There are 2 protein chains.
Amino acid sequence: MTNDAMKIPQATAKRLPLYYRFLLNLHSSGKQRVSSAELSEAVKVDSATIRRDFSYFGALGKKGYGYNVNYLLTFFRKTLDQDELTKVALIGVGNLGTAFLNYNFSKNNNTKIEIAFDVDPNKVNTKIGDVAVYHMDDLDKVVVEEGIQVAILTVPSAVAQPITDRLVQANIKGILNFTPARLNVPPSIRIHHIDLAVELQSLIYFLKHYPTDTETTESVE
Amino acid sequence: MTNDAMKIPQATAKRLPLYYRFLLNLHSSGKQRVSSAELSEAVKVDSATIRRDFSYFGALGKKGYGYNVNYLLTFFRKTLDQDELTKVALIGVGNLGTAFLNYNFSKNNNTKIEIAFDVDPNKVNTKIGDVAVYHMDDLDKVVVEEGIQVAILTVPSAVAQPITDRLVQANIKGILNFTPARLNVPPSIRIHHIDLAVELQSLIYFLKHYPTDTETTESVE
DNA sequence: ATGTATTTGTGAACATAGAAACAAAGTTCA
DNA sequence: TGAACTTTGTTTCTATGTTCACAAATACAT
């Protein structure tokens, strides 16, 4: 296991892909250098936070100058991609799953959805956005054979746990869970939950209970 | 603006919808009482954290007994729903947007997607999962007329900012942004970003750099 | 060359979140 | 009733994350 970046704060790690994407944008628009202030404007993260984030990797910038876009880009490419490609499978080719398959991941990074699984006979043995769809029955076998390490779970919540159990058996390392179910997995497996209903509800809760700037100050438009 | 829950930590606020959903599950399975330990098992949140979260709202439980499911449920319904319904519009009826329209939000809570917008003539003037699709040209007018307060943004990133500007003009209060774009909005508007590519990339980063329990300790099964 | 402008990298202060641990209160059962 | 058990609510501690503020280093203009 690579130890060089072991103690980088999780909050920082979550921002890295974001920085990377905006650096790509800057690069393709021909920009040679960028300051933490400019980057801050683009990604909406405090400039001090950006400098702090970058500093975990050493001194990447130059005082009085800023950061060299190409250098940063190369550096983060190495850091994020970590040489080898991670194989991802998508489980459940419904609307949400299809959205993922059409999303062009590999364009900006080395992440690539290798295979998809579903039970629908109309989808099995077709290709959606360049990705072959297998039958769910073959999940265990194919995941092992292909050495899939990450699964995106976009299945009905009723089957989320049983399918997760099979993924665990098939030696998966991480799951991106879009179902509302809270999955039981051994502690060696990492799960990120993205719960669409919760996201919407909590946004609404914030709107109602946490007045934003202009509402707190006396003037109300 | 309701001030009673003003200083509840954001982390707590984000967990409320989750608690609410699991309480609904418990209720429909006939359970009368529940302890923080049981709830912890179900939602995968430390029981002390759950008790702490609940305590912000006062003493909702009984020592030696736990929490009354019905009472909690009623309490959270009031807290989350805040009486009046929040009107939500979905902008962009692609795969991701369609996933939202078919997702049965109103089943578990009062959140309801009222209208959708798209530019595709095949979709305009149809209904998808019970929600009418309008043409994007009518966005400004309809949003104002209907008093829409929240928008779910599932459009191509190229048009994200211009559409956001129109939403701001139309007096929207909050945006759930699924595009990779970081939107410019006045500070009075709250935006939650959900960036699918970033989620996937950061999961992979964590897998590679943050060994989980069983990998750190010597035994590996 | 010299002086002024920038802009980084980081020490220190502050803010937020999570978890352990336990007294106090209530429950349960004989 | 009273003793043993349960479980909350909160105090305290620790960890994590963010921001300020500024010295040090470099760039740039004249």
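Predicted model, so just to flag it, every value in this text is computed and none were measured. Chain naming here is simple, since letters A, B, ... match the order of the sequence lines and numbering starts at 1 in each.
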Report, one line per pair, each donor and acceptor closer than 3.5 Å where one atom sits in a side chain of residues 153-166 of chain A; sequence neighbours left out.
| unit_1 | atom_1 | unit_2 | atom_2 | d |
| --- | --- | --- | --- | --- |
| Thr154(A) | OG1 | Ile91(A) | O | 3.1 |
| Thr154(A) | OG1 | Gly92(A) | O | 2.6 |
| Gln161(A) | OE1 | Asn184(A) | N | 2.9 |
| Gln161(A) | NE2 | Asp165(A) | OD1 | 2.8 |
| Gln161(A) | NE2 | Asn184(A) | O | 3.1 |
| Thr164(A) | OG1 | Ala160(A) | O | 2.7 |
| Arg166(A) | NE | Asp140(A) | OD1 | 3.2 |
| Arg166(A) | NE | Asp140(A) | OD2 | 3.2 |
| Arg166(A) | NH2 | Met136(A) | O | 2.8 |
| Arg166(A) | NH2 | Asp140(A) | OD1 | 2.7 |

Could I get the full list of ring-ring contact (aromatic ring centres under 6.0 Å, His included) partners for His27(B), not counting sequence neighbours? none
With sequence neighbours excluded, tell me which residues meet ring-ring contact (aromatic ring centres under 6.0 Å, His included) with Phe75(B). Phe57(B)
By side chain to side chain contact (heavy atoms under 4.5 Å, CB included), Glu38(B) pairs with (sequence neighbours left out) Lys31(B), Val34(B), Ser35(B)
Using the side chain to side chain contact (heavy atoms under 4.5 Å, CB included) criterion, which residues pair with Thr74(B)? Sequence neighbours excluded. Arg77(B)
Any residue in residues 28-37 of chain B with a heavy atom nearer than 4.0 angstrom to DNA chain C? Just list them by number, or reply none. Arg33(B)
Can you check the [X] [atom1] to [N] [atom2] distance for me, whole Å?
X        : N       : atom1 : atom2 : result
Lys14(A) : dG17(D) : NZ    : P     : 9 Å
Leu72(B) : dT8(D)  : CG    : P     : 10 Å
Phe54(B) : dA19(C) : CZ    : C1'   : 17 Å
Asn68(B) : dT7(D)  : CG    : P     : 15 Å
Lys7(B)  : dA15(C) : NZ    : C1'   : 16 Å
Leu39(B) : dG9(D)  : CG    : P     : 13 Å
Phe57(B) : dT8(D)  : CZ    : C1'   : 17 Å

Residue pairs passing the ring pair (Phe, Tyr, Trp, His ring centres under 6.0 Å) test where at least one lies in residues 147-186 of chain A, sequence neighbours excluded: Phe100(A)-Phe178(A)
Working to the nearest 0.5 angstrom, can you tell me the gap between His193(A) NE2 and Ile175(A) CD1?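 If we round to the nearest 0.5 Å, His193(A):NE2 and Ile175(A):CD1 are 9.0 Å apart.
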How far does OG of Ser188(B) sit from NZ of Lys173(B), to the nearest 0.5 angstrom?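 It is 7.0 Å, given to the nearest 0.5 Å.
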Asn95(B): what forms a side chain to side chain donor-acceptor pair (under 3.5 Å) with it, not counting sequence neighbours? none
Once base and sugar-phosphate atoms are separated, protein heavy atoms under 4.0 Å mark nucleotides 18-26 of chain D, 5' to 3', with B, S and - as SBSB--BBB
Give the table of side-chain donor-acceptor pairs shorter than 3.5 Å for residues 11-18 of chain B, with sequence neighbours excluded, one pair per line with atom names and distance.
| unit_1 | atom_1 | unit_2 | atom_2 | d |
| --- | --- | --- | --- | --- |
| Thr12(B) | OG1 | Asp53(B) | OD1 | 2.7 |
| Arg15(B) | NE | Tyr19(B) | OH | 3.4 |
| Arg15(B) | NE | Asp53(B) | OD2 | 2.7 |
| Arg15(B) | NH2 | Asp53(B) | OD1 | 3.1 |
| Arg15(B) | NH2 | Asp53(B) | OD2 | 3.2 |

If you look at every strand shown and take non-hydrogen atoms under 4.0 Å, does Tyr67(B) touch a base, only sugar-phosphate, or nothing? sugar-phosphate
Dot-bracket notation for DNA chain C, counting Watson-Crick and G-U pairs under 3.5 Å, with | for partners on another strand: ||||.|||||||||||||||||||||||||
May I have the list of side-chain donor-acceptor pairs in residues 58-71 of chain A shorter than 3.5 Å, sequence neighbours left out?
| unit_1 | atom_1 | unit_2 | atom_2 | d |
| --- | --- | --- | --- | --- |
| Asn68(A) | OD1 | Asn70(A) | N | 2.9 |
| Asn68(A) | OD1 | Tyr71(A) | N | 2.8 |

Chi class for dA5(C): syn within 90° of 0, otherwise anti: syn
